[in-house]
Amino acid sequence: MTEYKQVIVVRSDLGMSVGKIAVQVAHASLSAAENARDENPGWFENWISEQQKKVVVEVSSEEDLKELKEEAEKLEIPNKLIQDAGLTELPSGTSTALGVGPAPNKEVDKITGDLKLLKGRSDEA
């Protein structure tokens, strides 16, 4: 049986607060899922029926994020690169996160399988 997941890739080099990271992950997840619903409804529906598995990983640069997006495009996996609006912590247009999938686990792993899970962070008081 094919299993499905979505991976959200977050830049760790930006020094975003925990709240900012949470918002960027939410944007990437929802936006990539909407793209999947439009581009590959079967994958989307299967992912929904499997409890919407998500994994959050990290990269250390904008270049890494954009390379992963290019790879997702080549493999025709729904994705969405998030660029910040610039209203709080970051300059407008800063690439912060990438949602990959939902898609079959094996396909997503071709792109994100070697990345490390996002490390826990805490805001300084």
Side-chain angles (χ1 to χ4, degrees):
M1 178 179 149
T2 301
E3 294 183 352
Y4 296 80
K5 70 179 170 184
Q6 181 182 64
V7 174
I8 299 93
V9 185
V10 178
R11 283 181 59 190
S12 62
D13 62 314
L14 294 173
M16 292 183 282
S17 67
V18 172
K20 185 68 168 180
I21 290 169
V23 170
Q24 298 307 299
V25 167
H27 285 319
S29 178
L30 182 58
S31 297
E34 288 175 334
N35 286 349
R37 183 188 60 212
D38 295 340
E39 297 169 15
N40 199 320
W43 287 357
F44 177 78
E45 292 299 328
N46 288 332
W47 176 69
I48 291 289
S49 71
E50 292 179 359
Q51 305 301 310
Q52 306 165 27
K53 181 166 74 174
K54 296 170 204 70
V55 179
V56 181
V57 298
E58 65 182 12
V59 294
S60 60
S61 73
E62 181 176 28
E63 182 179 322
D64 291 341
L65 209 58
K66 290 185 174 183
E67 287 175 5
L68 293 168
K69 178 173 180 49
E70 288 176 16
E71 189 64 24
E73 296 289 334
K74 286 179 193 173
L75 296 174
E76 299 182 352
I77 295 177
N79 66 87
K80 179 63 177 182
L81 179 66
I82 301 303
Q83 294 181 311
D84 196 64
L87 301 176
T88 56
E89 299 177 18
L90 302 170
S92 179
T94 301
S95 297
T96 59
L98 174 69
V100 179
N105 288 357
K106 289 180 185 178
E107 296 302 310
V108 175
D109 286 345
K110 290 177 184 176
I111 300 165
T112 63
D114 293 333
L115 300 176
K116 294 184 180 181
L117 293 175
L118 180 65
K119 296 180 189 116
R121 289 175 169 74
S122 61
D123 287 332
E124 295 181 11

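Keep in mind that the numbers below use all heavy atoms, side chains included, and drop hydrogens, waters and symmetry copies.
- Of all heavy-atom pairs between Ala32 and Lys80, the closest is N-CB, 3.8 Å.
- Both Leu75 and Leu115 are members of a single hydrophobic cluster when ILVMFWY side chains are connected at heavy-atom separations under 4.5 Å.
- From Glu62, atom CD reaches atom OG1 of Thr96 across 10.0 Å, with rounding to the nearest 0.5 Å.
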**Message:** Under the criterion side-chain contact (heavy atoms from CB on, under 4.5 Å), I'd like the reasoning laid out for Lys54 against Val25: C-alpha separation, chi angles, the key distance, then a yes or no.
**Reply:** CA-CA 10 Å; Lys54 296 170 204 70; Val25 167; over 6 Å; no
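- Trp47 contributes a side-chain N or O that, together with a main-chain N or O of Lys53, makes up a donor-acceptor pair within less than 3.5 Å.
- Side chains of Val55 and Val108 form no contact here, defined as non-hydrogen atoms less than 4.5 Å apart.
- Under the 4.5 Å side-chain criterion, counting only non-hydrogen atoms from C-beta, Thr88 is not in contact with Val23.
- Counting heavy atoms from C-beta on, the side chains of Asn40 and Phe44 never come closer than 4.5 Å.
- Heavy atoms only, all atoms of each residue included: Gly93 and Gln83 are closest at O-NE2, 3.7 Å.
- In this structure, Gln6 contributes its side chain and Ser29 its backbone to a donor-acceptor pair below 3.5 Å.
- Annotation: the span from Ser60 atom OG to Lys116 atom NZ amounts to 10.5 Å, rounded to 0.5 Å.
- Looking at Glu89, its side chain does come within 3.5 Å of a backbone N or O of Ser17 through a donor-acceptor pair.
- Ser12 and Glu58 get closest at one heavy-atom pair: CB-OE1, 3.6 Å.
- Residues Glu70 and Glu73 form no side-chain contact, since every pair of their non-hydrogen atoms from C-beta on lies 4.5 Å or further apart.
- Taking all atoms of both residues into account, the shortest heavy-atom contact from Ala33 to Pro102 is CA-CD, 3.8 Å.
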**Request:** Take Lys20 and Leu90, measure what side-chain contact (heavy atoms from CB on, under 4.5 Å) needs, and give me the verdict at the end.
**Result:** CA-CA 10 Å; Lys20 185 68 168 180; Leu90 302 170; 4.2 Å; yes
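- In this structure, Met16 is not a member of the same hydrophobic cluster as Leu98, with clusters built from ILVMFWY side-chain heavy atoms closer than 4.5 Å.
- Distance check, rounded to the nearest 0.5 Å: CG of Leu87 to OG of Ser92 gives 8.0 Å.
- Residues Lys69 and Leu65 are not in side-chain contact: their nearest non-hydrogen atoms beyond the backbone lie 4.5 Å or more apart.
- Taking CD1 from Ile8 and CD from Gln24, the interatomic distance works out to 12.5 Å, rounded to the nearest 0.5 Å.
- More than 12 heavy atoms of other shown residues, nucleotides or ligands fall within 6.0 angstrom of atom CD in Gln52.
- With hydrophobic clusters built from ILVMFWY side chains whose heavy atoms lie under 4.5 angstrom apart, Val100 shares a cluster with Leu81.
- Nearest heavy-atom pair across Tyr4 and Pro104 is CD2-N, 3.4 Å.
- Between Asn79 and Asn35, the closest side-chain pair of non-hydrogen atoms is not below 4.5 Å.
- One hydrophobic cluster holds both Val7 and Leu117 under the rule that ILVMFWY side chains link at heavy-atom gaps under 4.5 Å.
- Across all their heavy atoms, Ala72 and Ile111 have their closest contact at CA-CD1, 3.4 Å.
- The closest side-chain heavy-atom distance from Thr94 to Arg11 is below 4.5 Å.
- Surrounding CG of Asp38 are more than 12 heavy atoms belonging to other residues, nucleotides or ligands, all under 6.0 Å away.
- The structure places NZ of Lys5 at 3.5 Å from CG of Asp109, a figure rounded to the nearest 0.5 Å.
- Put simply, CD on Glu63 and CG on Asp13 are 11.0 Å apart, with the number rounded to the nearest 0.5 Å.
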**Item:** Stepwise salt bridge (charged side-chain N to carboxylate O under 4.0 Å, His left out) test for Lys110 and Glu107
**Value:** CA-CA 5 Å; Lys110 290 177 184 176; Glu107 296 302 310; 3.1 Å; yes
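- Under the 4.5 Å side-chain heavy-atom criterion for grouping Ile, Leu, Val, Met, Phe, Trp and Tyr, Val10 is not connected to Val57 through any hydrophobic cluster.
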